[in-house]
A.B. asks: 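Handing you this structure, nothing more for now.
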Amino acid sequence: MVDVRDIMELDQPVTPEITRESIIGPDKLKRRTFSATKAPKRPEGMHREVYALLYNDTKDAPPLFPSDTSNGYKQTKIKLGMRKPRKWEWMPFTNPARTDGAVFYHWRRPSDGPKEYPFAKFNKKIEIPTYTDAVYQQHLQTEGWTKEETDHMMDLARRFDLRFIIMADRYDTEKFSKRSIEDLKERYYKISGILAKSSGERKVYHYDADHERRRKEQLKRLYERTPEQIEEEQFLINELKKIEARKKERERKTQDLQKLISQADNQADHLRKADKKIPKKKLANPTRPSRIDTSHILQAVETAGIKFPDYKNSGVSLRSQRMKLPANVGQKKSKGIEQLLQEMEMELNPIPTEDVCQHFNELRSDMVLHMELKAALTSCEFELQSLRHQYEALSPGKSLTIPPQLLSSTTEGDGTKLSGNPEIIDVVGSPGTPGTGT
């Protein structure tokens, strides 16, 4: 009460000097004790946890608000000082952000002195361009806008800090025609641009009102779509994704085909250069060059074989690892190697000495090369037989005799397949064969 009377400048009553003993009392050291009979009893039907929230261990009432002290919910004792409190005064102040000169009052310490209102710095104002009557008559006249309406629009921009939505809402429609937000923006930014150019500024903001109207119209149509239209749009988007995926797949295949064609051309040029270097005397049986494209066969033969990894890194390694087939060797080739090794009565996993590892790997690589050459021979003979049948079909009554140099030992000169090579299948049939219709 002394502090309150001091603040309110009231007469102080004659009171004895305040001491610690007068506040706390002489029986400070006496500990308060509660008898068991005075302890509050938990009401019937109330859970123990709820009752524990009402009282603590010392049976004190809980605080009105949570405490962040280390003692938890126990209230700390008040620390009373013996110094005289500072004086406060009810003093007037003004807000520089206001233009009406209103005077307000608040409590303030006299020692602080007069200071500017601290919240005035948050009052930010946008600089609105101004113009004179002469400037308006010379530069700002436009069709559909009068000077009075332009002044009204600029005044609203100054009052509401270019909040065009509020400006359109507060527009004086009784005195002027109703204007949309885009109309107000277009007029304002056009005036700002003209005044900025006249003052020599380079940075001028241009506002496209037509684009803004179209954008809002599109948003309105997008918002007013029906569920059927949304489902149809999603269906079309999924179909477009499928079309683009198929297009990318076709482009990828086209690139692969172009790559193969370029590789075939390079192989053909390499073979022609090699043929030119060979003397004609060394050609024992010159034959007519074939028009069959064998570039893919030659490429497959050149890349045939097995490339085993080199274990040249530092560290300990087993020789048996060198005899493991690489991961790029397919299952078909692995089965073929095992079959050939069984026919040759060789072990599938011999003792991995240095010489055995080297020769065993070379043997299996030659086996893969043998299988590739065999498949290439089968493909060439099949294409040769196909060309013979095409010739006989286009020229009835004529037969084409294939030179024996172009045939293996398992095929006769007339193209009849022997039993030695079961991989060549006559799928076309010669003109004289029964069941071919000739």
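Not measured: the values here are computed from a predicted model. Side-chain atoms are counted along with the backbone in the values below, which use heavy atoms only and exclude waters and symmetry mates.
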A.B. asks: Is it the case that the side chains of Gln255 and Arg252 hold a donor-acceptor pair, with the cut-off being a distance below 3.5 Å and no angle test?
C.D. replies: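 The answer is no; no qualifying pair exists.
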A.B. asks: Any idea how Phe104 and Phe93 line up, ring-wise: parallel (<30°), tilted (30 to 60°), or perpendicular (>60°)?
C.D. replies: tilted
A.B. asks: In chain order, what residues pass the side chain to side chain contact (heavy atoms under 4.5 Å, CB included) check against Glu354, with sequence neighbours excluded?
C.D. replies: Arg319, Arg322
A.B. asks: Out of Lys175, Arg179, Lys178, which one pairs with Glu149 under the salt bridge (Lys or Arg N to Asp or Glu O under 4.0 Å) rule?
C.D. replies: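 Of Lys175, Arg179, Lys178, salt bridge (Lys or Arg N to Asp or Glu O under 4.0 Å) with Glu149 is met by Arg179 alone.
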A.B. asks: Is Asp210 salt-bridged to Arg213, going by a charged N under 4.0 Å from an acidic O?
C.D. replies: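 Result for this pair is yes, salt bridge flagged.
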A.B. asks: Check Asp151 with Arg158, please: is the shortest side-chain N to carboxylate O separation under 4.0 Å?
C.D. replies: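 No, this pair does not count.
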A.B. asks: Determine the minimum heavy-atom distance between Met371 and Gly336, stating which atoms define it.
C.D. replies: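 That would be SD-CA, 4.0 Å.
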A.B. asks: Test of understanding: with ring pair (Phe, Tyr, Trp, His ring centres under 6.0 Å), list the residues that count as partners of His359, not counting sequence neighbours.
C.D. replies: none
A.B. asks: Between Glu381 and Arg388, is there a side-chain N and carboxylate O pair less than 4.0 Å apart?
C.D. replies: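 No, Glu381 and Arg388 are not salt-bridged.
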A.B. asks: Indicate the atoms forming the closest heavy-atom contact of Arg187 with Thr142, along with that distance.
C.D. replies: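 Shortest heavy-atom contact: NH1-CG2, 2.9 Å.
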A.B. asks: Charged N to carboxylate O below 4.0 Å: is that the case for Glu217 and Arg221?
C.D. replies: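 Here Glu217 pairs with Arg221 in a salt bridge, since their nearest N and O are under 4.0 Å apart.
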A.B. asks: Flag the pair Glu251 and Lys248 as a salt bridge only when some basic side-chain nitrogen lies within less than 4.0 angstrom of an acidic carboxylate oxygen.
C.D. replies: no
A.B. asks: Could you tell me which residues satisfy side chain to side chain contact (heavy atoms under 4.5 Å, CB included) with Val135, sequence neighbours excluded, listed by chain and number?
C.D. replies: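 Once residues adjacent in sequence are excluded, the partners of Val135 under the side chain to side chain contact (heavy atoms under 4.5 Å, CB included) criterion are Tyr131, Thr132, His139, Leu195.
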A.B. asks: List in chain and number order the residues that pass side chain to side chain contact (heavy atoms under 4.5 Å, CB included) with Arg225, two or more places apart in sequence or in another chain; answer none if no residue qualifies.
C.D. replies: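 For Arg225 the side chain to side chain contact (heavy atoms under 4.5 Å, CB included) partners, ignoring immediate neighbours, are Leu222, Gln229, Ile230, Glu233.
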A.B. asks: Just checking Met46: does its CE atom have more than 12 heavy atoms from other residues, nucleotides or ligands closer to it than 6.0 angstrom?
C.D. replies: yes
A.B. asks: At their closest point, which heavy atom of Pro92 faces which heavy atom of Val103, and how far apart are they?
C.D. replies: CB-CG1, 3.9 Å
A.B. asks: Should the pair Tyr171 and His152 be assigned to parallel (<30°), tilted (30 to 60°) or perpendicular (>60°) ring geometry?
C.D. replies: perpendicular
A.B. asks: Quick one: side chain to side chain contact (heavy atoms under 4.5 Å, CB included) partners of Glu338, sequence neighbours excluded?
C.D. replies: Lys335, Leu348
A.B. asks: Salt bridge (Lys or Arg N to Asp or Glu O under 4.0 Å): which pairs involve residues 97-106, sequence neighbours left out?
C.D. replies: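 Every pair satisfying salt bridge (Lys or Arg N to Asp or Glu O under 4.0 Å) with a residue in residues 97-106: Arg98-Asp100.
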A.B. asks: Is Asp133 salt-bridged to Lys147, cutoff N-O under 4.0 Å?
C.D. replies: yes
A.B. asks: For residues Val204 and Gly193, report the shortest heavy-atom separation together with the two atoms involved.
C.D. replies: CG1-CA, 3.5 Å
A.B. asks: Take Tyr188 and Ile128 through the side chain to side chain contact (heavy atoms under 4.5 Å, CB included) test and state the conclusion after the steps.
C.D. replies: CA-CA 10 Å; Tyr188 173 79; Ile128 306 298; 3.7 Å; yes
